[in-house]
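In what follows, a single structure is set out as structure tokens and then discussed.
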Amino acid sequence: MAEETIFSKIIRREIPSDIVFQDEKVTAFRDISPQAPTHILIIPNKLIPTINEVTEQDESMLGHMITVAAKIAKQEGIDESGYRLVMNCNKDAGQEVFHLHMHLLGGRNLGRLVG
Ligand code: AMP
């Protein structure tokens with residue numbers, strides 16, 4: 001069994017956080033240390049530690065994470081200006097919290113990351 005992180009407590013609303021969206025599959029809340037004017041984390045309610053533990057059963061939930069990200073980007077008014085979705089996996093990507101999460105970053109020019 002994977003060990004719970006602080007994100008499980010956020011999902012269950014056991015600790016304070018700025019939740020912007022929640023349904024039966026995912027929770028989205030503002031990052032405590034924002035790297036851009038909009039910095040929101042979208043996470044599955046189910047504990048999956050890293051992308052490596054994703055299975056085919058998770059595919060609809062993973063698609064839902066992107067749909068939710070797009071809706072939040074619109075709510076935040078950054079859908080036209082643009083935004084970036086990032087998922088870090090393990091050490092070399094700098095993953096710090098071992099509960100799968102997608103960063104939604106926008107509200108400023110983010111610069112080029114790749115390409
Ligand atoms: P990562 O480096 O991809 O694992 O990102 C983890 C993110 O979680 C970082 O951007 C942290 O600032 C953020 N974070 C950690 N604890 C909390 C918390 N209690 N509430 C909101 N965001 C958090």
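Start at 1 and go down the list; that is how both ligands and their atoms are numbered. Worth knowing before you read on, the calculation uses all heavy atoms, side chains too, and leaves out hydrogens, waters and symmetry mates.
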With the threshold set at under 4.0 angstrom, would you say Phe98 reaches ligand 1 through any of its heavy atoms?
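Checking ligand 1 against Phe98, which is what was asked, there is no heavy-atom contact under 4.0 Å.
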
Looking only at heavy atoms of Gly94, does any of them come nearer than 4.0 Å to an atom of ligand 1?
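Yes.
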
Do [X] and ligand 1 have an N or O pair less than 3.5 Å apart?
{"X": "Ile10", "answer": "no"}
{"X": "His39", "answer": "no"}
{"X": "His103", "answer": "yes"}

Taking the six-membered ring for Trp and the full ring for Phe, Tyr or His, determine whether the centres of His101 and His99 are under 6.0 Å apart.
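No, the ring centres sit 6.0 Å or more apart.
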
How about Phe29 and Phe21: are their ring centroids closer than 6.0 Å?
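No, the ring of Phe29 stays outside the 6.0 Å limit from the ring of Phe21, centre to centre.
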
For atom 7 (C) of ligand 1, grab the closest protein heavy atom and report residue, atom and distance to one decimal in Å.
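The closest one turns out to be Asp31 OD2, 3.5 Å.
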
Return the closest protein heavy atom for atom 4 (O) of ligand 1 as residue, atom name and distance.
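Here the nearest protein heavy atom works out to Glu96 N, 2.6 Å.
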
Only heavy atoms of Arg30, strictly under 4.0 Å: list the atoms of ligand 1 that pass.
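That gives atoms 21 (C) of ligand 1.
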
Please could you name the atoms of ligand 1 that Ser33 approaches to less than 4.0 Å, counting only its heavy atoms?
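Answer, ordered by atom number: 12 (O).
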
Sole candidate of Lys46, Arg12, Lys9 that passes salt bridge (charged side-chain N to carboxylate O under 4.0 Å, His left out) when paired with Glu4:
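Filter result, single survivor: Arg12.
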
Salt bridge flag under 4.0 Å for residues Glu76 and Lys71:
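No, this pair does not count.
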
Could you see which bit of Leu41 sits under 4.0 Å from ligand 1, with heavy atoms only: side chain, backbone, both or neither?
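The part of Leu41 near ligand 1 is the side chain, not the backbone.
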
To the nearest 0.5 angstrom, please state how far the CD1 atom of Ile40 sits from the OG1 atom of Thr27.
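If we round to the nearest 0.5 Å, Ile40:CD1 and Thr27:OG1 are 13.0 Å apart.
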
Verdict with reasoning, Val20 to Arg30, per side chain to side chain contact (heavy atoms under 4.5 Å, CB included)
CA-CA 7 Å; Val20 297; Arg30 293 191 193 276; 3.8 Å; yes

Would you say the side chains of Thr50 and Asn90 form a donor-acceptor pair under 3.5 Å?
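Short answer, no.
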
Pick from Ile40, Thr5, Ile32: the one approaching atom 16 (N) of ligand 1 most closely through a non-hydrogen atom
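Going through Ile40, Thr5, Ile32 one by one, Ile32 has the nearest heavy atom to atom 16 (N) of ligand 1.
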
Out of Met102, Gln35, His101, who is nearest to atom 1 (P) of ligand 1 when you count heavy atoms only?
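Looking at heavy atoms only, the winner is His101.
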
More than 12 heavy atoms from other groups under 6.0 Å of CD on Glu14:
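Yes, CD of Glu14 has more than 12 neighbouring heavy atoms, counting only those of other groups under 6.0 Å.
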
